[in-house]
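All remarks here apply to the structure that follows.
Positions are given from 1 along the sequence. Whatever order the structure lists them in is the order used to number ligands and atoms, beginning at 1.
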Amino acid sequence: MYQRGKRTVWVTGATSGIGRACVMQLIQRGDRVIALGRRLERLEQLQALMGAHNVHVAVCDVRSLDQVRRSFEDLPPDFAAVDTLVNNAGLMLGTSNFEYTDSEAMSTMVMTNCMGVLHNTSVLLPSLKSSGRGHIVNVTSIAAYYPYLTGHVYAATKAFVEHFGANLRTELASQGVRVTNVAPGRSDTEFQIVRAGKCADAPTAGLPQLKAGDVAAAICWAIDQPKHANANSIELVPACQTLSFR
Ligand code: NDP
Ligand code: 8X3
């Protein structure tokens, strides 16, 4: 079996859901992880669970290029040689049609889902390149491919990341950096709670969902591919999630 060697992985959105599951699976496979998010208490709990020698944590809002840059500059030596970036932090806000969506929610989605990916990618890229085996995994969404009611801004941010990843791949392929887009469907995380906010029910309440660990396993699988192979994109949905009618 292919032995991929120990990696140093930067995971955004590690305080919950897919990001947290990803941190745990990577460490269980022997990797070192830098776990980022805004909620310090959650990060400290994760570090206590997984061990400080395995996981370095950093409070970082991905909307701020300065915070991303500082988090990278402050890495302890054991964690400084980052070769893998998982652009996972993201959110959807609101359950209404576009005309009832306020501009603050729109801006938060664009800044987090689009600019967050650009900030982390630009700060980490020199390290990924110099590692000689860099890998960027973007967590997008099936919303990037299949339109749905109330998807509007969120889905468009995920389409942005899909195209950014696919285009970035063309310039990085010759520089030893792989790019994978992972597009999950409905997953059992805090995503719908964040999305619905004060609303009682998210539109997907009660529907079958993937587990966060299912998506994390797909991310790990992509990272595990031998150096000569790249998983360009992975679309992973609950077996019963239909895509034209939801
Ligand atoms: P969660 O809400 O459980 O996790 C989202 C993570 O993003 C949290 O760790 C949160 O950390 C972090 N985050 C949000 N805003 C910021 C910010 N400004 N700066 C830094 N971190 C931030 O949802 P998921 O695990 O489901 O979401 C992970 C990714 O998966 C997202 O990109 C989402 O769009 C995508 N996705 C999710 C699907 C689902 O059904 N769950 C389906 C398809 C895609 P904190 O609040 O501590 O900063
Ligand atoms: C969200 C995808 O299917 O939960 O990214 O709306 S879905």
- Item | atom 18 (N) of ligand 1 [closest protein heavy-atom partner, distance rounded to 0.1 Å] | Asp61 OD1, 2.9 Å

- Message: For atom 37 (C) of ligand 1, what is the closest protein heavy atom, and at what distance to 0.1 Å?
- Response: Phe191 CD1, 3.9 Å

- Task: Considering the heavy atoms of Phe191, write down every atom of ligand 2 situated less than 4.0 Å from one of them.
- Result: 1 (C), 5 (O)

- Under 4.0 Å to a heavy atom of Arg186 - the qualifying atoms of ligand 1, by number: 40 (O)

- Are Asp31 and Arg7 ion-paired here, with the side-chain N under 4.0 Å from a carboxylate O? no

- Query: Arg39: what forms a salt bridge (Lys or Arg N to Asp or Glu O under 4.0 Å) with it, not counting sequence neighbours?
  - Reply: Glu190

- Task: Assess Gln209 for proximity to ligand 1: is some non-hydrogen atom of it under 4.0 Å away?
- Result: no

- Message: Apply side-chain contact (heavy atoms from CB on, under 4.5 Å) to residues Arg186 and Val237 and explain how you reach the verdict.
- Response: CA-CA 7 Å; Arg186 281 192 307 265; Val237 299; over 6 Å; no

- Message: For the 3.5 Å polar cut-off, considering only N or O atoms, please tell me whether Arg195 and ligand 2 meet it.
- Response: no

- Heavy-atom contact under 4.0 Å between Gln192 and ligand 2? yes

- Note on the structure: Looking only at protein heavy atoms, what sits closest to atom 5 (C) of ligand 1 is Gly90 O, 3.7 Å

- Message: Heavy-atom count check: over 12 atoms from other residues, nucleotides or ligands less than 6.0 Å from Glu171 CD?
- Response: yes

- Item | Shortest heavy-atom approach to atom 3 (O) of ligand 1 - which of Gly116, Ser16, Ala14, Ala216 | Ser16

- Query: For Ser187, is at least one N or O under 3.5 Å away from an N or O on ligand 2?
  - Reply: no

- Message: I need the atoms of ligand 2 closer than 4.0 Å to a non-hydrogen atom of Ser141, numbered in the order shown.
- Response: 1 (C), 2 (C), 5 (O)

- Item | Taking atom 23 (O) of ligand 1 as the reference point, the nearest protein heavy atom with its distance | Thr189 OG1, 3.4 Å

- Close-contact set for ligand 1 against Gly17 heavy atoms, below 4.0 Å: 3 (O), 25 (O)

- Message: Could you tell me, atom by atom, which parts of ligand 1 come under 4.0 Å of a heavy atom of Thr112?
- Response: 15 (N), 16 (C), 18 (N)

- Item | Atom indices of ligand 1 within 4.0 angstrom of Lys158 heavy atoms, with elements | 31 (C), 32 (O), 33 (C), 34 (O)

- Do Glu162 and Thr140 have side-chain N/O donor and acceptor atoms under 3.5 Å apart? yes

- Can you pull out the closest protein heavy atom to atom 10 (C) of ligand 1? Residue, atom name and distance to 0.1 Å, please. Thr15 OG1, 3.7 Å

- Item | Location of contacts on Met111 toward ligand 1, heavy atoms closer than 4.0 Å | neither

- Per-atom filter on ligand 2: closer than 4.0 angstrom to a heavy atom of Arg186 are 3 (O), 4 (O)

- Of the choices Ile18, Val237, Asn88, which has the non-hydrogen atom that lies closest to atom 29 (C) of ligand 1? Asn88

- Is ligand 1 under 4.0 Å from a heavy atom in the side chain of Arg39, in the backbone, in both, or in neither? both

- Message: If we count only N and O atoms by modelled type, under 3.5 Å, do the side chains of Gln241 and Tyr146 hold a donor and an acceptor together?
- Response: no

- Among all protein heavy atoms, pick out the one at the shortest distance from atom 36 (N) of ligand 1; state its residue, atom name and that distance to 0.1 Å. Tyr154 OH, 3.8 Å

- Message: Taking only non-hydrogen atoms of Asp188, do any sit less than 4.0 angstrom from ligand 1?
- Response: no

- Task: Run the numbers on Asn87 and Thr121 for side-chain hydrogen bond (donor to acceptor under 3.5 Å, both in side chains), then give the verdict.
- Result: CA-CA 8 Å; Asn87 274 317; Thr121 304; 3.1 Å; yes

- Query: Hey, is Gln241 one of the residues with a heavy atom under 4.0 angstrom from ligand 2?
  - Reply: yes

- Residue, atom and distance of the protein heavy atom nearest atom 46 (O) of ligand 1 read Arg38 NH2, 3.0 Å

- Query: Only one of Leu128, Val82, Val123 forms a side chain to side chain contact (heavy atoms under 4.5 Å, CB included) with Trp10, so which one is it?
  - Reply: Val82

- Item | Option whose closest heavy atom lies nearest to atom 42 (C) of ligand 1, chosen from Ala143, Ser141, Ala144, Gly185 | Gly185

- Query: In ligand 1, which numbered atoms sit nearer than 4.0 Å to a non-hydrogen atom of Arg63?
  - Reply: 18 (N)

- Short version for Cys60: what comes under 4.0 Å of ligand 1, heavy atoms counted, is backbone

- Item | Residue list, ring-ring contact (aromatic ring centres under 6.0 Å, His included) with Tyr145, at least two apart or on another chain | none

- Item | Parallel, tilted or perpendicular: ring planes of Phe79 versus His56, cut at 30 and 60 degrees | tilted

- Item | Short N-O contact, Asp214 and Lys211, less than 4.0 angstrom | no

- Message: Heavy atom to atom 5 (O) of ligand 2, shortest distance: which of Tyr148, Tyr154, Tyr146 holds it?
- Response: Tyr154

- Of all the atoms in ligand 1, which lie at a distance below 4.0 Å from a heavy atom belonging to Pro184? 42 (C), 43 (C), 44 (C)

- Query: So between Val139, Leu91, Leu40, whose heavy atom ends up nearest atom 30 (O) of ligand 1?
  - Reply: Val139

